[in-house]
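Reading through the structure tokens given below for one structure.
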Amino acid sequence: MKSALIIGGYGGFGARVSLLLARAGWTVIVAGRSGAKAAHFCRSHHGLPLRPAVLDRNRPLAPILRDLQPWLVIDAAGPFQDCDYRVAEGCIEAGCHYLDLADARAFVIGISRLDARAKAAGLCLISGASSVPALTAAVADRLATGLDRVTLIDIALSASNRASGSRSVTAAILSYLGKPIRLWRGGRWDVGHGWQELSRLRFEVPGERPILRHVALCDVPDLDLLPARYPGRPAVRFRAGSELAVQNIGLWLLSWAVRWGWVRGLAGLTGLAVRVQIALRRLGGDRSAMSVQVMGWTGERAIQRCWTIYASRGDGPWIPALASPLIADELARGSLEPGAYPAVGLIDLDLFERAFAPFAIRTASQSEDVQPLYRRIMGADYDALAPAVRAMHALTGDAGASGEAEVTSGGQAGRFIGRLFGLPPPGRDVPLHLWMREEGGVETWTRTFGNASFSSRLSRRGSLLTESFGPFRFAMALQREPDGLSMHFQRWWIGPMPMPGWLGPRIRGTEAERNGVFHFDVEIGLPLIGLVTGYRGWLTRTAGA
């Protein structure tokens, strides 16, 4: 069998990769900066084809690789956020294939700069042979099968506390904590921030105790790779978290210090963060989980699909270690083309699921038809709406629209109230972008007029549409009109408390199709104050959204 050299082969993930390959019959060179640790690891697994070697990837590698003569090099050392490509370039010089377990976005995407050299040498240089993007892309490929248009891919991961705390993972998180993250959503490139958009998710697999944990926004290669991979150019989000809420909330709080510019970054706290994690490890359990949700359309049918993987008995860390042995086997069979590229689309999910079998790892899939919010409220009247109006509300997952608006405001009191709610200042021919996101049957609409944005949440209450601005919630009846629909104010609340109608706002809203284009006209006023704001204009759904 062929030989593989594993950099970091006695570390957390690297040790698992070494064992998986050795058990499959590969001759494995366990390499790292510590010869003593490499030798101890090999002795601890006597009987397997393992041998130690000293290798520091920060020093010239080609001479060492020529001496050791591995057929394949797997870099499992990490972190890759600030790495260059010297290991991959050393492999080209020494004439061996290369894999890595990188999850650093720029590093994985940037491997393609070596593509011409790899092809000329007849070698494969593959980056991201881990949970992301190798496994996540395999899952998304299966879930997207048969969809004419994919609108959203939402990935979430939660590691057990006992599996967390490696220096490389901690350094990766701190490298982007609070910093801008480029996201494709709402039909255009947007900006989020590392470890923000914190929420709690429930991970479920039949027969196992559900996991309810916090997750927050992370910077991974999938955010670049997946939107262009599927029809409809879907929005992509990746969130992750550890088991303990105190860790996730603590990181979320620290992320604001970076976002607000109080500190430039927190990478210098890596050592301290690892020590804190180790001190808290006894508090955690041994269960990890990841879910991938895909939403989209087949014709006029909206579909939501979800795949969940659930690891118990501390077997979660085996999941990111499985991709590289699977890809190594494909390399050995000669089924992969030479070149330098990310580990996307190389392994079918069926192969991953067979590889999970020896471990305490279970998976589950579900698929269901869903109905857009306005369809659930209006029933058959929704189907009879003017096409442009119906299309604007045909929302599942994520969508965007762009156009222009004219914004008006009332007197001084009205303008003051408008500013409190973040409503846009008056103007003509104002560029308008609308980002619509749907989760759990609730839609969040973010309207950006020029440089001013405000958001509201839309949901159903019986036969009424409710729209929430912070603690204020307003209910409106939707009525179909010959060219669209009209909205009629009914009730309002502050928090859970119903408020008298005579104190409520005066809301008038219409949506109509004119010459095949969606038009809107909204006015909001208050008793004794009069007009607060009005905005009217047109929108078209963003291409690919």
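Bear in mind the structure is a predicted one, so any value in this text is a computation, not a measurement.
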Measure across [X] and [Y] and return the closest heavy-atom pair with its distance rounded to 0.1 Å.
{"X": "R202", "Y": "P210", "result": "NH2-CG, 3.4 Å"}
{"X": "S18", "Y": "L50", "result": "O-CD2, 4.1 Å"}
{"X": "D315", "Y": "A360", "result": "OD2-N, 2.7 Å"}
{"X": "Y230", "Y": "A137", "result": "OH-O, 3.6 Å"}
{"X": "E243", "Y": "Q247", "result": "N-OE1, 4.5 Å"}
{"X": "L322", "Y": "L20", "result": "CD2-CD1, 3.7 Å"}

Donor-acceptor pair, side chain of [X] and main chain of [Y], under 3.5 angstrom:
{"X": "W445", "Y": "L458", "result": "no"}
{"X": "S3", "Y": "I29", "result": "no"}
{"X": "H214", "Y": "A245", "result": "no"}
{"X": "N161", "Y": "G285", "result": "no"}
{"X": "D75", "Y": "A77", "result": "yes"}
{"X": "S288", "Y": "S160", "result": "yes"}
{"X": "T151", "Y": "M295", "result": "yes"}
{"X": "D148", "Y": "G299", "result": "yes"}
{"X": "R460", "Y": "I377", "result": "no"}
{"X": "R213", "Y": "F203", "result": "no"}

With side chains defined as the heavy atoms from C-beta onward, is the minimum distance between [X] and [Y] less than 4.5 Å?
{"X": "L217", "Y": "R237", "result": "yes"}
{"X": "R182", "Y": "L223", "result": "no"}
{"X": "L174", "Y": "L251", "result": "yes"}
{"X": "I319", "Y": "S131", "result": "yes"}
{"X": "M290", "Y": "L135", "result": "yes"}
{"X": "W71", "Y": "L331", "result": "yes"}
{"X": "E204", "Y": "Q366", "result": "no"}
{"X": "W493", "Y": "R461", "result": "yes"}

Over 12 non-hydrogen atoms of neighbours within 6.0 angstrom of [atom1] in [X]:
{"X": "R457", "atom1": "CZ", "value": "no"}
{"X": "R209", "atom1": "CZ", "value": "no"}
{"X": "D82", "atom1": "CG", "value": "no"}
{"X": "E337", "atom1": "CD", "value": "no"}
{"X": "R376", "atom1": "CZ", "value": "yes"}

Option passing ring-ring contact (aromatic ring centres under 6.0 Å, His included) with W318 (candidates F13, F359, F352):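 Of the listed residues F13, F359, F352, the ring-ring contact (aromatic ring centres under 6.0 Å, His included) partner of W318 is F359.
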Test: E438 and R375 ion pair at under 4.0 Å: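 Salt bridge flag = no for R375 with E438.
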Salt-bridge present (E300, R390; N to O < 4.0 Å): no
R142 versus S365, side-chain donor and acceptor atoms under 3.5 Å: no
Short side-chain donor-acceptor distance under 3.5 Å, D100 and S127: yes
Working for side-chain hydrogen bond (donor to acceptor under 3.5 Å, both in side chains), residues S199 and R239: CA-CA 9 Å; S199 60; R239 292 172 295 168; 2.7 Å; yes
Give, for atom [atom1] of [X] and atom [atom2] of [Y], the distance between the pair rounded to the nearest 0.5 Å.
{"X": "L272", "Y": "T170", "atom1": "CG", "atom2": "OG1", "result": "10.5 Å"}
{"X": "M476", "Y": "T466", "atom1": "CE", "atom2": "OG1", "result": "8.0 Å"}
{"X": "H393", "Y": "L465", "atom1": "NE2", "atom2": "CG", "result": "9.0 Å"}
{"X": "R229", "Y": "D224", "atom1": "CZ", "atom2": "CG", "result": "14.0 Å"}
{"X": "L336", "Y": "E330", "atom1": "CG", "atom2": "CD", "result": "6.0 Å"}
{"X": "W26", "Y": "I6", "atom1": "CH2", "atom2": "CD1", "result": "8.5 Å"}

Residue pair R437, D398: steps toward the salt bridge (Lys or Arg N to Asp or Glu O under 4.0 Å) verdict: CA-CA 4 Å; R437 186 177 188 91; D398 189 282; 3.4 Å; yes
Charged tip of R447 within 45° of F469 ring normal and under 6.0 Å: no
Working for side-chain contact (heavy atoms from CB on, under 4.5 Å), residues Y374 and L395: CA-CA 9 Å; Y374 275 55; L395 173 63; over 6 Å; no
Worked verdict on V108 versus I111 for side-chain contact (heavy atoms from CB on, under 4.5 Å): CA-CA 6 Å; V108 173; I111 194 72; 5.5 Å; no
Parallel, tilted or perpendicular: rings of F41 and H45 (30°, 60°): tilted
F107/F80 aromatic ring centres below 6.0 Å: yes
Residue pair Q196, W256: steps toward the side-chain contact (heavy atoms from CB on, under 4.5 Å) verdict: CA-CA 8 Å; Q196 299 204 338; W256 287 102; 3.2 Å; yes
side-chain contact (heavy atoms from CB on, under 4.5 Å) between D219 and F238, intermediate numbers included: CA-CA 7 Å; D219 198 17; F238 185 96; over 6 Å; no
